[in-house]
Structure formats: structure tokens, C-alpha cells
Amino acid sequence: MLLSVDRQAPKLWRKIYTEALIEISLLGENWKLILAGLVFQYIHGLAAHGVHYLHRPGATLQDVGFFLLPELGQDKFYMSETLFAFIFGSFILWTFHPFVFQSKRIYTVLIWCRIFAYLVVSQCLRIVTFYSTQLPGPNYHCREGSKLARLPPPESFLEVLLINFPQGVVYGCGDLIFSSHMIFTLVFVRTYQKYGTRRCIKQFAWLLAVVQSLLIIASRKHYTVDIVVAWYTVNLVAFYVDWKLPELPDRSSGSTAPPLLPLSTRNKDGKNKEEHQKLLNGNSSATSSSG
């Protein structure tokens, strides 16, 4: 058994190395899109922090979800965050599965270009929405009497740029419509729905998205409208982006049960080299045109 594992280990590293060459060539063509997506995450955080200066605490608005779902309380604040961390982490790991699995449908770099397209458009709409109307936050630290509910005017421009990290990120108020957590959750789930291969995981992912929605409302982090708007907005944004941009190349080999390691290193290395050559010779032109 140990001898078998020892023999397979070099194959795995060879697989990772070959896949890395393919992804590096794609990153060289699409690094501007990746960088722009990452930079916009900071811009989105900056906008969310900025609206906190405009937030004015008040009575919690009447909400159907608050009537139907019992309040979890501050001691169970972690529940929705734990589930979100699980969704976030497991999705990131999935996007890197081409480095390990033999059968795959996606390129890691290209899938993240598409993910950032979904996120940036959704977050632009979110920024416009929560700056248009500031609602009194239902979260505990945003209610009347909390020292964190209102921010004093910034003492310097640097204070704004640094977003008062990490407190400004964790204890934000005013950026309600629509939920940022649900943007990420729905983008990740919808992406796996389209490019994933396991039907049971797809069904489980949608179930987690529903549970996440209910936990956010029960934690009083958002009003129900923030969740409802996120559900239809993100799906419409994803539909529009997919319609406007060319389809991503499909790398699937027809295998229904992808093994962790290649059955034949020689054949698989040949396939990866051929794949790499195709990308360098022009197959990636469709990808670069999407930028």
C-alpha cells in the first residue's frame, strides 16, 4: 500500500506542475481582469464603510421574516458566519480542483474571471442601492443606544481609506439593500450549478443558500427585503453576464467519476501538453476577447 502511494506521489506533482503551466499562461493573458476584480473588492468595502457615516439608528422596521423566524440572539451570532465561511472556503477549493483531479470542466483563471464579473456588476448595483436610501440597521450594534451605530466624522482621509480595519468591516451599518453575504453565496452556488459536475452537491449547495438566507434574517443582520432582492438580482446579473460574454471552454472528458490521480501518466501528460499548446496557439483568443 505504501509502495503504491509512493509511486503515485510523483504523478500528482507532475500533474500539478503541468496544470500550473497552463494556468500561468492564462493568467498572463487575463491578469488585468483578475486584478481589477480584486481591487473592486476593496472599493466595495470602502463604499460600505462610507455609508456607515450616513447611518442613523432608529426603530427596527416591520418585517415579515422577523415575525416568522425567532431571533437567534447575540450569543448565536456566529452561526450564519460559520456557514458562510464553509461555503466560501469549499468553493475556493473547488475552483482549484483542476490542479489535482484528472477530469475537470474549468480553468481556474477563467472561472475566476467570470466570478469577478458576476461580483463586480452585483456589487455596483448594491452600492447604488444602499446609498440611495439608508435604513435603520436591525443588527444589534446598529440599534439605538449602541456606540457603534453612528460613526463620528473621520479625523483624516487615511482613516477612511483604511476602512477602520478590522472593526469597520465587522461592525458596519447602513449597507443593507442588498446582502453582500448573499451576493457571494449565490454567485458561488450558481457558478457551481453551471460548471460543477456533481448533482448531489448542486442540490446541497442550493439548500445551504436557503439556510444561509434564513440564518441571516434570524440573526437580524438584514431585513428580509435585503435577502429577497439579492436572490433575484444576482441571478439576473449572472444571466446577463453569461449572455454578454462568450461561453467558457469545457474541459470535460466524459468521465463521470474523476479519479484523484491519473491512470496513465504518459497519456495524461501528453493531453495536458496538447491542451497547453492549444491555448498558446489561439484557443485562448476567445477568452481574451471577453476582456
No-hydrogen, no-angle side-chain donor-acceptor test under 3.5 Å, Tyr118 and Asp242: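 Result is yes, a qualifying pair exists.
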Donor-acceptor side-chain pairing of Thr224 and Asp63 below 3.5 angstrom: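 On atom types as modelled, these side chains qualify, holding a pair under 3.5 Å.
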Partner set under side chain to side chain contact (heavy atoms under 4.5 Å, CB included) for [X], not counting sequence neighbours:
{"X": "Thr233", "answer": "Leu125, Phe178, Val229, Val237"}
{"X": "Ile127", "answer": "Phe40, His44, Ala47, Phe130, Tyr131"}
{"X": "Gln134", "answer": "Val51, Leu54"}

Tracing side-chain links under 4.5 Å among I, L, V, M, F, W and Y, which residues wind up in one group with Val128? none
Going by side-chain heavy atoms closer than 4.5 Å, which hydrophobic residues are tied to Tyr240, directly or by a chain of links? Trp243
Sub-3.5 Å donor-acceptor pair from the side chain of [X] to the main-chain atoms of [Y], do we have one?
{"X": "Ser146", "Y": "Cys142", "answer": "no"}
{"X": "Ser25", "Y": "Ile22", "answer": "yes"}
{"X": "His55", "Y": "Gly137", "answer": "yes"}
{"X": "Ser219", "Y": "Phe77", "answer": "no"}
{"X": "Tyr107", "Y": "Pro98", "answer": "no"}
{"X": "Ser213", "Y": "Ala209", "answer": "yes"}
{"X": "Asp226", "Y": "Tyr223", "answer": "yes"}
{"X": "Arg150", "Y": "Lys147", "answer": "no"}

Closest approach of [X] to [Y] (non-hydrogen atoms, all atoms of both residues):
{"X": "Val241", "Y": "Ala117", "value": "CG1-CB, 3.9 Å"}
{"X": "Arg126", "Y": "Asp175", "value": "NH2-O, 2.7 Å"}
{"X": "Leu83", "Y": "Val211", "value": "CD2-CG1, 3.8 Å"}
{"X": "Ser179", "Y": "Ile227", "value": "CB-CD1, 3.8 Å"}
{"X": "Arg220", "Y": "Leu69", "value": "NH2-O, 3.0 Å"}

Test side chain to side chain contact (heavy atoms under 4.5 Å, CB included) applied to Phe91 and Thr185, Val189, Ile115, Val187, the passing residue: Ile115
If hydrophobic clusters are built from ILVMFWY residues whose side chains come within less than 4.5 Å, do Leu236 and Met182 share one?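 Same cluster.
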Hydrophobic cluster identity match, Ile24 and Ile106, side-chain contacts under 4.5 Å: no
Geometric cation-pi criterion Lys221 and Tyr140, 6.0 Å radius, 45° cone: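 Not satisfied by the 6.0 Å and 45° rule.
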Just verifying a value: how many Å separate [X] [atom1] and [Y] [atom2], rounded to the nearest 0.5 Å?
{"X": "Arg190", "Y": "Lys202", "atom1": "CZ", "atom2": "NZ", "result": "12.0 Å"}
{"X": "Glu144", "Y": "Thr60", "atom1": "CD", "atom2": "OG1", "result": "10.0 Å"}
{"X": "Ile216", "Y": "Asn139", "atom1": "CD1", "atom2": "CG", "result": "11.0 Å"}

Which of these, Phe188, Tyr192, Tyr195, sits in a ring pair (Phe, Tyr, Trp, His ring centres under 6.0 Å) with Trp94?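 Single pass found, and it is Tyr192.
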Going by the rule side-chain hydrogen bond (donor to acceptor under 3.5 Å, both in side chains), which residues pair with Tyr78 if we only count those two or more places apart in sequence or in a different chain? none
Is the gap between the ring centers of Phe116 and Trp112 under 6.0 Å?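 So the answer is yes for these two rings.
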With the threshold set at 4.0 Å, does a side-chain nitrogen-carboxylate oxygen contact exist between Arg14 and Glu19? no
